[in-house]
Amino acid sequence: MEIGRKIAITSAAIYTAISLTASVLFLGAATLTGQYTAVARIGGAVWILLLSFIVTMPLVTSAVKKRMKA
Amino acid sequence: MTTKQITLPIAGMTCASCVSHVEGALKNLSGVAEAVVNLGAGKASIEFDPARASIAQMSAAVADLGYKVATAQATLNVSGMTCASCVAHVEGALKELDGVTNAVVALALNTAKIEYIRGLVTVAQMKRAVHDAGYEAAERDAGVSAIDREREARQREIRRQGLYLAFATPIALVVMIGTFYDFLPQAARQFIPELLAEKWLLGVLTTPIVFGPGRQFFVNSFRGLRHGVTDMNLLYATGIGAAYFIAVINTLWPDAGFGGEGATFFESAALLTWFIVLGRFLEALTRGRTSEAIRKLMSLQPKTARVIRGGAESEIPADEVLAGDMVQVRPGERVPVDGVVEQGYSAVDESMLTGESLPVEKKAGDSVIGGTMNKTGAFRFLATKVGADTALAQIVRLVEDAQASKAPIQKLADWVAGHFILGVHALAILVFVFWFFVGYEKFFDPDTRFLLSPFTLGEIGVFGFALLLSVTVLIISCPCAVGLATPSAMMAGTGKAAEHGVLFKSAEAIENASKLQTIVFDKTGTLTKGEPSLTDVLSAGEPAPAAAEILRLAAVAEKNSEHPLGEAIVRGAQALRLQVRDAESFDSIPGLGVEARVDGRGVLLGNRKLMQARGIELAPLLAQAEALERDGKTVMFVALPPQAAVSGLIAVADTLKDYSVEAIRRLQELGIETAMITGDNRRTAEAIARQVGIGRVLAEVLPQDKAAEVAKLQTLGKKVAMVGDGVNDAPALARSDVGMAIGSGTDVAKETGHIILIKDDLRDVVVAIEVAKATMRKVKENLFWAFIYNTLGIPLGAGLFYPLFAVVISPELAAALMAVSSVTVTLNTLLLRGFVPSLKRKPAHVAAAAPAYAPPVPARVSVAGSE
């Protein structure tokens with residue numbers, strides 16, 4: 001497999017996993033700790049997912065790139 | 001193992017042993033399967049596993065041996081960059097390409113300068129990489145067409161953002177009026193239909209703003225995200241998108257739990273877009289002005305030239321003039337290329353290139369510089385340098401290179417701004433989580449108002465409130481101003497310096513020049529004229545001959561001499577308009593002087609040894625001679641046999657250049673220590689130092705040891721500059737923190753040093769330092785404004801003070817503040833355009849210093865007995 005594609009797939013798997021985890025953690029916490037409406041819980045989880053993607057995407061991609069090229 | 005084959009050009013190999021060295025070093029790298037070096041072609045063919053070895057490692061291995069992987073340079077015009085994080089993305093995208101060894105992006109110039117290994121990567125691949133990162137790149141042209149294209153591109157951007165603004169402004173105004181309908185005075189409401197306050201209508205009006213002028217932010221952030229990069233556009237897109245999305249949900253499904261009708265902020269989305277577009281428009285307008293100097297320089301190049309070919313004069317495009325062409329220049333025309341005057345006489349204004357304020361006379365044999373303005377007469381000249389070789393092209397290139405380089409402070413600012421976006425998104429998560437789980441329940445007040453707005457948040461729910469603050473943090477944190485702070489000031493500073501004939505080779509030179517503590521001046525040719533001049537003529541005897549007569553006799557005796565001291569005497573006599581005829585006889589006495597017959601009488605001119613050998617008594621002028629020698633002057637006695645005693649003496653010395661004293665005094669006023677370095681003996685050196693006002697003298701230093709002396713000063717923890725004429729000072733110029741090559745003329749390309757002073761005027765050292773200090777002051781002010789905005793804005797946006805005041809910042813206000821921040825920084829930089837160096841500001845200062853200058857005629861022409 002071309003190295004660029006391998007880096008992209010590996011990074012995507014990692015940052016998606018991290019972001020989904022953050023989102024699920026938020027959803028779990030919102031469900032367990034308060035009287036939040038479904039819209040608030042799901043909306044919040046989507047917002048956290050989006051922001052987590054934005055934060056982790058460049059960090060994970062560059063880390064994977066470094067590791068694979070090393 | 002998947003291997004790859006590449007060919008690296010290697011420079012510096014001279015023999016077969018070089019080949020085996022390079023091959024050995026490459027083969028020793030892990031991941032390199034085979035390396036074969038061809039000495040004749042200067043190339044290494046390498047088979048390697050890209051997963052285990054990189055081209056950078058191979059280049060480093062070759063460099064370790066003392067050879068170099070030959071690189072080429074390319075410059076691309078990059079459009080679509082808006083901030084420092086864009087800089088990091090474009091640089092990153094380019095550096096990721098195999099074969100690119102370095103990439104430096106200049107945001108203010110919209111350029112990317114790329115160093116690459118030819119054969120491994122093409123310019124087309126670089127352009128594609130930039131395109132893939134979400135920006136557009138085009139190859140950069142040289143000369144006039146480049147400036148035309150740059151201006152065109154900038155005007156296109158101004159036009160584009162102007163159109164967006166024209167489209168968004170009336171609609172945003174209507175949306176704002178509709179949103180604030182209930183708060184309008186009764187009188188105003190009579191003229192505005194109530195329908196305008198309907199949420200669905202506000203939504204209809206806002207939609208074309210968000211997806212029209214606001215579309216650029218969504219498209220650009222999507223392009224970036226596809227490649228795993230985040231930039232300012234993402235901040236805008238998330239801000240506008242979230243505000244619009246919530247407003248739409250609350251309009252269509254008010255019970256969905258997003259805050260209902262009270263949280264329908266269509267005006268947020270509309271005004272947010274409007275403010276950002278306004279910021280972009282103002283930035284495009286003002287950013288171009290900071291690079292005005294380079295445009296001014298480029299516009300000096302005339303578009304046409306009158307060339308005489310085959311005896312006929314014809315007008316052709318200036319870039320078609322060839323070296324060797326005869327070019328005709330009429331009064332009021334610009335000189336099209338560099339050359340040497342063959343015929344005619346005129347005065348040429350060179351101020352735009354050299355900073356020299358007075359027109360320079362041009363006659364046959366004098367050189368002329370392309371781009372300068374012919375004032376009075378007409379002349380013909382032979383073109384010697386054309387196209388990229390002209391002085392103007394070299395100066396433009398040098399200034400451009402300096403503007404494209406990065407000062408250490410800018411690298412730091414870029415790094416901060418580049419990482420800021422991620423930090424801001426992380427902060428936005430924290431803010432959201434805090435207000436969602438803790439803040440809303442504890443602190444939320446239904447009477448919460450937006451700052452500078454009559455609106456309350458009303459029944460906004462926990463999700464809407466937390467999302468609002470989270471979005472505001474994203475908008476308010478935009479580090480646009482941080483990215484602009486340094487490069488805009490550097491561009492203005494380098495341009496301002498170039499106007500005065502001072503060329504900074506890099507932004508680092510500006511930063512270093514602003515911190516200088518000690519400046520070391522080379523003596524000969526820098527502080528002094530570098531050639532002996534007549535300084536004193538004294539006469540003695542009963543009756544004492546006139547001093548002018550002594551000088552005339554000496555000049556006639558020396559007229560045919562080729563000795564530099566003799567030439568100084570002849571020049572001195574001619575300056576006093578004395579008649580210097582040929583001697584009747586002339587005899588040179590090597591090492592001692594000359595003996596001649598003038599007007600029927602013998603004249604003996606020479607040193608003490610000559611006088612003693614001829615039994616001439618020195619006593620009448622011995623004390624004066626010793627005093628002059630203590631001042632570092634060379635004394636020659638004049639005897640008129642058969643008189644038994646000397647009749648006069650003549651002193652010559654290397655005199656100070658005009659303005660040396662003034663420049664040194666001003667530097668000392670600026671708190672900079674000055675020192676002089678010379679190979680001369682201590683007595684002469686100290687005499688010159690005394691005259692010019694320098695306290696620290698490094699005498700009897702061989703040219704090759706000058707660099708070591710500079711290093712010694714640096715070990716004392718000082719930032720040291722070296723000022724020299726660049727002839728034998730190159731190592732010292734290179735060793736110093738800032739090397740200034742003075743009097744280089746316009747052939748700037750070959751000069752060593754970090755700063756080039758085109759004119760032979762020491763006051764330009766002061767100009768360089770003052771411009772550097774002013775530029776760095778602007779950089780610091782800009783960074784202060786940029787950071788103070790973010791430092792105050794982020795806590796406000798995040799709701800840190802909300803529990804105290806129950807007020808939040810609306811996203812549109814955050815966008816307005818962000819736009820104000822960028823524009824403040826750019827406007828602050830523009831103030832530098834009015835900067836005038838102190839010595840050019842105060843003509844009275846120059847006049848006051850006049851008596852201290854070395855006069856062009858002897859300082860004393862007097863009779864000993866009369867003193």
- [ ] Counting only heavy atoms closer than 4.5 Å, note whether A:Y36 contacts chain B via side chain, backbone, both or neither.
- [x] side chain
Task: Donor-acceptor under 3.5 Å (B:E96 side chain, B:A93 main chain) - done: no
Task: When B:S470, B:A428, B:G423, B:G92 are compared by non-hydrogen pairs under 4.5 Å with chain A, the top option - done: B:S470
- [ ] Using non-hydrogen atoms and a 4.5 Å limit, figure out which bit of A:A12 sits close to chain B: side chain, backbone, both or neither.
- [x] neither
Task: Which portion of B:F436 sits near chain A, non-hydrogen atoms under 4.5 angstrom - done: both
Task: Atom pair CD1/CD1 of B:I55 and B:I46 - distance to nearest 0.5 Å - done: 8.5 Å
- [ ] Considering only heavy atoms and a distance below 4.5 Å, find which of A:A22, A:A30, A:S52, A:A38 pairs most often with chain B.
- [x] A:A30
Open item on the list: Can you confirm whether B:L94 sits close enough to B:Y116 that some side-chain heavy atom of one is under 4.5 Å from a side-chain heavy atom of the other?
Closed with: no
Open item on the list: Using the ring-ring contact (aromatic ring centres under 6.0 Å, His included) definition, which of the options B:F444, B:F463, B:F465 pairs with B:W435?
Closed with: B:F465
Task: Side-chain heavy atoms of B:V433 within contact of A:I48, under 4.5 Å - done: yes
TODO: Check whether A:S11 gets within reach of chain B through its side chain, its backbone, both or neither, counting any heavy atom under 4.5 Å.
DONE: neither
